[in-house]
Amino acid sequence: MPELVGQTVVVIGGSAGIGLETARRAAAEGAGVVITGRDQDRLDRAAQETGAWRTAAFDVTDPAAVAAFFQGLDGPIDHILITAGGPKYGPMLEMDPADVRAVLSDHVTIALDVARNATPQMRPGGTLLLMGGTGGRRVRRDLGIVSAATAVLPPFTAALALELAPVRVNLIAAGFVDTPLSAVLLGDQIEERRAELRDTLPIGRVVGPADVAALAVHVMTNTALTGATYDIDGGQQFT
């Protein structure tokens with residue numbers, strides 16, 4: 001039986017990649033889905049693909065826009081997935097101070113803005129689900145500040161879970177996921193990276209958005225899960 005019948009799922013950053021696939025999977029499980037992003041045209045296409053109830057175009061880093069979005073929603077919310085915000089690679093000493101502050105704080109401040117505005121409308125047992133990465137597990141020069149930015153999220157998630165209870169808070173930590181964003185970041189090197197991962201990952205294939213979406217929906221439906229971090233990288237951190 002579908003596991004999200006009668007529930008509302010909000011996907012912040014749902015027009016492509018992991019967010020889009022999670023919206024699709026949640027809708028298939030019977031949820032009413034609301035997707036947000038910055039580009040209304042992309043949101044319209046995503047809504048057609050997923051059957052989302054509603055879309056909203058706004059900048060999730062704008063606290064006033066976040067507040068206005070949640071004030072405009074009708075009815076209770078069960079689950080929220082935040083995929084907005086991407087990594088920034090490169091030598092730390094070459095980064096602008098404003099970029100450093102943004103990379104280190106964006107995921108945390110976005111999550112807190114969403115939590116402040118959404119939790120009054122969330123049903124007990126629902127979940128606020130964050131996206132992070134496994135980059136903090138292995139420090140490398142080419143990762144730059146990404147290791148520090150991802151390492152802060154597990155304890156932040158656990159602390160926020162205590163504050164928001166009985167709403168649950170969990171974190172998905174992904175390795176490389178074959179998304180449009182990954183293709184943009186790697187450019188001409190994307191095919192080489194895919195081939196490398198197929199040869200080296202214990203699972204023998206590249207992790208895709210649908211894999212992460214399946215985990216996201218599981219975390220939404222299992223009401224015993226809170227304050228935890230769930231890795232999904234195909235064993236990448238062990239290779």
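Hydrogens, waters and symmetry mates play no part in the numbers below; they use all other heavy atoms, side chains included. Just so it is clear, the model here is predicted, and its values are computed rather than measured.
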- Please determine, by modelled atom types, if Asp44 and Gln40 share a side-chain donor-acceptor pair under 3.5 angstrom. yes
- Message: Could you check whether any side-chain N or O of Arg168 sits under 3.5 Å from a backbone N or O of Met220, counting only pairs where one atom can act as donor and the other as acceptor?
- Response: yes
- Item | Check: Thr239 and Pro202 side chains under 4.5 Å, non-hydrogen atoms | yes
- Using atom types as modelled and distance alone, determine if a side-chain donor or acceptor of Ser182 lies under 3.5 Å from a backbone N or O of Val177. yes
- Message: Hydrophobic clustering (ILVMFWY, side-chain heavy atoms < 4.5 Å, transitive) - are Leu4 and Ile35 grouped together?
- Response: yes
- Message: Between Leu171 and Pro154, is there a side-chain heavy-atom distance shorter than 4.5 Å?
- Response: yes
- Item | Residue that, paired with Leu130, satisfies side-chain contact (heavy atoms from CB on, under 4.5 Å) out of Ile82, Ile80, Asn170 | Ile82
- Message: If I take atom CE from residue Met92 and atom CE from residue Met95, how far apart are they, to the nearest 0.5 angstrom?
- Response: 9.0 Å
- Please tell me if the side chains of Val212 and Ile172 come closer than 4.5 Å, counting only heavy atoms from C-beta onward. yes
- Assess whether side chain to side chain contact (heavy atoms under 4.5 Å, CB included) is satisfied between Val217 and Glu29, documenting all intermediate values. CA-CA 9 Å; Val217 170; Glu29 291 293 339; 4.1 Å; yes
- Hey, is the main chain of Val207 close enough, under 3.5 Å, to the side chain of Asp211 for a donor-acceptor pair? no
- Message: I want to check something: taking the side chain as every heavy atom from C-beta on, are Asp96 and Val100 in contact at a cut-off of under 4.5 Å?
- Response: no
- Query: Is Gln189 atom CD crowded by more than 12 heavy atoms from other residues, nucleotides or ligands, each under 6.0 Å away?
  - Reply: no
- Non-hydrogen atoms of Gly133 and Ala173 that approach each other most closely: O-CB, 3.7 Å
- Note on the structure: Arg42 and Ala16 have their tightest heavy-atom pair at NH2-CB, 3.1 Å
- Atom CD1 in Ile232, atom OG1 in Thr134: separation rounded to 0.5 Å? 11.0 Å
- Task: Rounded to the nearest 0.5 Å, what's the gap from CG on Asn222 to CD on Glu3? Could you check?
- Result: 9.0 Å
- Can you find a pair of side-chain heavy atoms, one from Thr50 and one from Arg25, that are under 4.5 Å apart? no
- What is the minimum heavy-atom distance between Ala115 and Pro120, and which atoms define it? O-CD, 4.3 Å
- Is Val219 linked to Ile77 within one hydrophobic cluster, defined over Ile, Leu, Val, Met, Phe, Trp and Tyr using a side-chain heavy-atom separation of less than 4.5 Å? no
- Message: Test of understanding: clusters of I, L, V, M, F, W, Y form through side-chain heavy atoms closer than 4.5 Å, transitively. Do Phe156 and Leu81 belong to the same one?
- Response: no
- Counting N and O atoms only, with roles assigned by atom type, does the side chain of Thr226 sit under 3.5 Å from a partner on the main chain of Val169, one being a donor and the other an acceptor? yes
- Minimum side-chain heavy-atom gap Phe70-Gln121 below 4.5 Å: yes
- Message: I'd like to know whether Leu128 forms a side chain to side chain contact (heavy atoms under 4.5 Å, CB included) with Val114, so could you lay out the CA-CA distance, the side-chain angles of the two residues, the decisive distance to 0.1 Å, and finally the verdict.
- Response: CA-CA 9 Å; Leu128 174 61; Val114 170; 4.0 Å; yes
- Are any non-hydrogen side-chain atoms of Phe58 and Val66 less than 4.5 angstrom apart? yes
- Test item: Arg116 and Leu112 side chains (from C-beta on) under 4.5 Å apart, heavy atoms: yes
- Under 3.5 Å: donor-acceptor pair, side chain of Thr83, backbone of Ile12: yes
- List the steps, then state whether side chain to side chain contact (heavy atoms under 4.5 Å, CB included) holds for Arg38 with Thr61. CA-CA 11 Å; Arg38 296 191 184 201; Thr61 65; 4.3 Å; yes
- Message: Rounded to the nearest 0.5 Å, what separates atom CG in Asp74 from atom CH2 in Trp53?
- Response: 10.5 Å
- Message: Return the CG to CG distance between Asp178 and Leu197, rounded to the nearest 0.5 Å.
- Response: 9.0 Å
- For the student: nearest non-hydrogen atoms of Pro2 and Ala28, plus distance: CB-O, 4.5 Å
- Message: Assigning hydrophobic clusters by single linkage (Ile, Leu, Val, Met, Phe, Trp, Tyr; side-chain heavy-atom cutoff under 4.5 Å), is Leu160 placed with Val60?
- Response: yes
- Message: Would you compute the distance between atom CG of Leu20 and atom OG1 of Thr179 and round it to the nearest 0.5 angstrom?
- Response: 11.5 Å
- Item | Closest heavy-atom pair and its distance - Gly132, Leu153 | CA-CD1, 3.8 Å
- Answer yes if Met131 and Val10 sit in the same cluster of Ile, Leu, Val, Met, Phe, Trp and Tyr residues linked by side chain heavy atoms under 4.5 Å apart, and no otherwise. no
- Note on the structure: Of all heavy-atom pairs linking Thr157 and Ala228, the shortest is CG2-O, 4.1 Å
- Query: Taking it one step at a time, do Tyr230 and Leu129 satisfy side chain to side chain contact (heavy atoms under 4.5 Å, CB included)?
  - Reply: CA-CA 11 Å; Tyr230 300 93; Leu129 186 54; 5.9 Å; no
